[in-house]
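First up is the structure itself, then whatever we jot down about it.
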Number of protein chains: 2
Amino acid sequence: MTLDILRRELKKRGQRITYQRELILKIFMESENAHFGAEEIYRLLLEKRSRISKATVYRTLALLADFGILNKIEFGDGIVRYELASFDGKSHNHLICKICGKVVEFESDKLDELMETISKETGYRIENYQVKFYGICPDCFKKILRNDDNQKIASESVK
Amino acid sequence: MTLDILRRELKKRGQRITYQRELILKIFMESENAHFGAEEIYRLLLEKRSRISKATVYRTLALLADFGILNKIEFGDGIVRYELASFDGKSHNHLICKICGKVVEFESDKLDELMETISKETGYRIENYQVKFYGICPDCFKKILRNDDNQKIASESVK
DNA sequence: GTTTCGATGAAAAAAGTTATCATAACTACT
DNA sequence: AGTAGTTATGATAACTTTTTTCATCGAAAC
Ligand SMILES: [Zn+2]
Ligand SMILES: [Zn+2]
Ligand SMILES: [Zn+2]
Ligand SMILES: [Zn+2]
């Protein structure tokens, strides 16, 4: 269980097991495929009637990421997010819609192979990776097509 | 030439060709494989005795990214950086050292294939991607090994 | 229970980015 | 060239996110 990993890592480094650290980790464990930023975690804690200082939220997220329990991700909107790292150590990957911001996840063995190859070629000890594909989701693409049609019709009726 | 692309895009949208816009683009064109953030561009401009307002630097970087002339990249250190988009439309990829922050670039056809596959599977129109591998560079790894040795020696001599 | 030292909370400070608005300057049209 | 019209810029304030500071609290060891 992930909570045990946290406790083990903390003991190993002479750091303390606290209510705040366990609670923040639980937030991630309770929600599947969550991508939370510090502010969001802070709000979720308030909803649970747990008043934890923002400074502690930031500190804990950094700590959990340092332990490899969370992975840091940035979608390009200026907010740093975190998600639970998977048990098997496999990074999971994101497909992001440029228009509506919707995020879909996918996995690929090819990336793990690529990681091995690049590691050998460069001498880097690669620990994890982050892959983001940017594009337009099917829904947004349909909307764009419809708008183009409307504009065409509008310009024709002006003539 | 990339400057012509800028001029063409500006005209197309009824926007103006200005000294500042061209100068900021030239900064990127003059340096190979550069990953510049707004603050860095501002400093480089000052060194060239060009006092351009920070607001304009931010606005211009966003504009050039919007035109597809620059690509936005984030290495996870809290700074938004930009780099010249390649002519062939191929995204290039980054291998980042967690310790010293050194960045190495690499290319891979496998990623283009993967992009095609995921595009078909999900229905997304994927336009570009961003791949970051995080790890420890050979130099930093050597240093870690040395420190471990020293600590071992120190703890032995204490006994 | 007491001691010790790391963790927390609250607030200030720092860092990065965006918004505001008066002034400058690019572009099109005489 | 000169002028009008409108966009871009510069300086600064405002805003957002993150880090630092420091007094106080509390986990862990004895
Ligand atoms: Zn995810
Ligand atoms: Zn969409
Ligand atoms: Zn690059
Ligand atoms: Zn390094």
Side-chain angles (χ1 to χ4, degrees), chain A residues 3-4 6-27 35-46 48-67 69-70 72-82 101, chain B residues 3-4 6-27 35-46 48-67 69-70 72-82 101:
Chain A
L3 267 178
D4 294 325
L6 172 60
R7 292 189 187 125
R8 180 166 50 76
E9 287 295 317
L10 286 170
K11 282 204 174 161
K12 195 201 289 182
R13 306 179 197 210
Q15 291 178 285
R16 290 173 184 173
I17 297 165
T18 65
Y19 170 73
Q20 290 87 341
R21 287 172 175 170
E22 296 199 338
L23 191 56
I24 289 172
L25 176 52
K26 277 181 196 161
I27 296 256
H35 306 113
F36 294 138
E39 204 69 27
E40 210 162 355
I41 291 288
Y42 180 73
R43 280 196 296 100
L44 289 170
L45 287 167
L46 280 187
K48 286 190 153 200
R49 292 177 178 66
S50 303
R51 175 162 241 94
I52 291 182
S53 137
K54 271 188 193 174
T56 299
V57 174
Y58 278 99
R59 284 188 282 232
T60 303
L61 291 174
L63 184 87
L64 293 173
D66 203 49
F67 287 170
I69 296 172
L70 297 182
K72 190 175 178 176
I73 36 175
E74 291 173 282
F75 293 143
D77 59 357
I79 293 168
V80 176
R81 291 165 209 277
Y82 294 84
Chain B
L3 267 177
D4 294 326
L6 172 60
R7 293 192 185 122
R8 178 167 50 76
E9 287 295 317
L10 287 169
K11 281 204 174 161
K12 196 200 287 182
R13 307 179 196 210
Q15 292 179 285
R16 291 174 182 171
I17 298 165
T18 65
Y19 169 72
Q20 291 87 340
R21 286 170 175 171
E22 297 200 336
L23 191 55
I24 288 171
L25 176 52
K26 277 182 195 163
I27 296 258
H35 307 111
F36 294 137
E39 203 70 25
E40 209 162 355
I41 291 288
Y42 180 73
R43 281 196 296 100
L44 289 170
L45 288 167
L46 280 187
K48 285 189 154 201
R49 292 180 177 64
S50 302
R51 171 160 243 96
I52 291 181
S53 139
K54 271 188 193 175
T56 299
V57 174
Y58 278 98
R59 284 188 283 233
T60 302
L61 291 174
L63 184 87
L64 293 173
D66 203 50
F67 287 172
I69 296 172
L70 296 183
K72 188 177 178 175
I73 36 174
E74 292 172 281
F75 292 144
D77 59 357
I79 294 168
V80 176
R81 291 164 209 277
Y82 295 85

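The sequence lines fix the lettering, A, B, ..., with proteins before strands; numbering per chain opens at 1. As the structure is a prediction and not an experimental result, all values here were calculated from the model.
Distance CD1 (Ile24(A)) to P (dA7(C)): 14 Å, rounded to an integer number of Å. Remark: P of dT21(D) and CZ of Arg59(A) are 12 Å apart, rounded to the nearest angstrom. Atom CD1 of Ile79(A) is separated from atom P of dA15(C) by 21 Å (rounded to the nearest Å). Separating the CZ atom of Arg81(A) from the P atom of dT17(D) is a distance of 10 Å, rounded to the nearest angstrom. To the nearest angstrom, P of dT19(D) lies 8 Å from OH of Tyr58(A). In this structure, Phe75(B) places its CZ atom 16 Å from P of dG16(C), rounding to the nearest Å. Following rounding to the nearest Å, Glu22(B) (CD) and dT9(D) (P) show an atom-to-atom distance of 11 Å. Here dG9(C) presents its C1' atom at 15 Å from OH of Tyr19(A), a figure rounded to the nearest Å.
If you find the closest nucleotide of DNA chain C to Asp77(B) and to Gln15(B), the one lying nearer the 5' end belongs to Asp77(B).
Within the structure, every side-chain polar atom (N or O) of Thr18(B) is placed at least 4.0 Å from both OP1 and OP2 of dA25(C).
DNA chain D is contacted by Ala55(A) of residues 48-57 of chain A, taking any non-hydrogen atom closer than 4.0 Å.
Residue contacts for Glu39(A): at a heavy-atom cut-off of 4.0 Å it reaches no nucleic acid atom on any strand shown. Backbone-only contact: Gln20(A) has heavy atoms under 4.0 Å from sugar-phosphate atoms and none from a base.
Side-chain N/O atoms of Arg16(B) and base N/O atoms of dT27(C) include no donor-acceptor pair closer than 3.5 Å. You won't find any donor-acceptor pair under 3.5 Å spanning the side chain of Arg13(A) and the base of dG6(C), going by distance alone.
Residue Ala38(B) places its side chain closer to dT17(C) than to any other of dT8(C), dT27(C), dT17(C). Of all nucleotides listed (dA28(D), dG16(C), dT8(C)), dA28(D) comes nearest to the side chain of Ile17(A).
Annotation for Lys48(B): atom NZ counts as buried by contact number, over 12 foreign heavy atoms lying within 6.0 Å. The 12-atom threshold is exceeded at CZ of Arg13(B), counting heavy atoms of other residues, nucleotides or ligands nearer than 6.0 Å.
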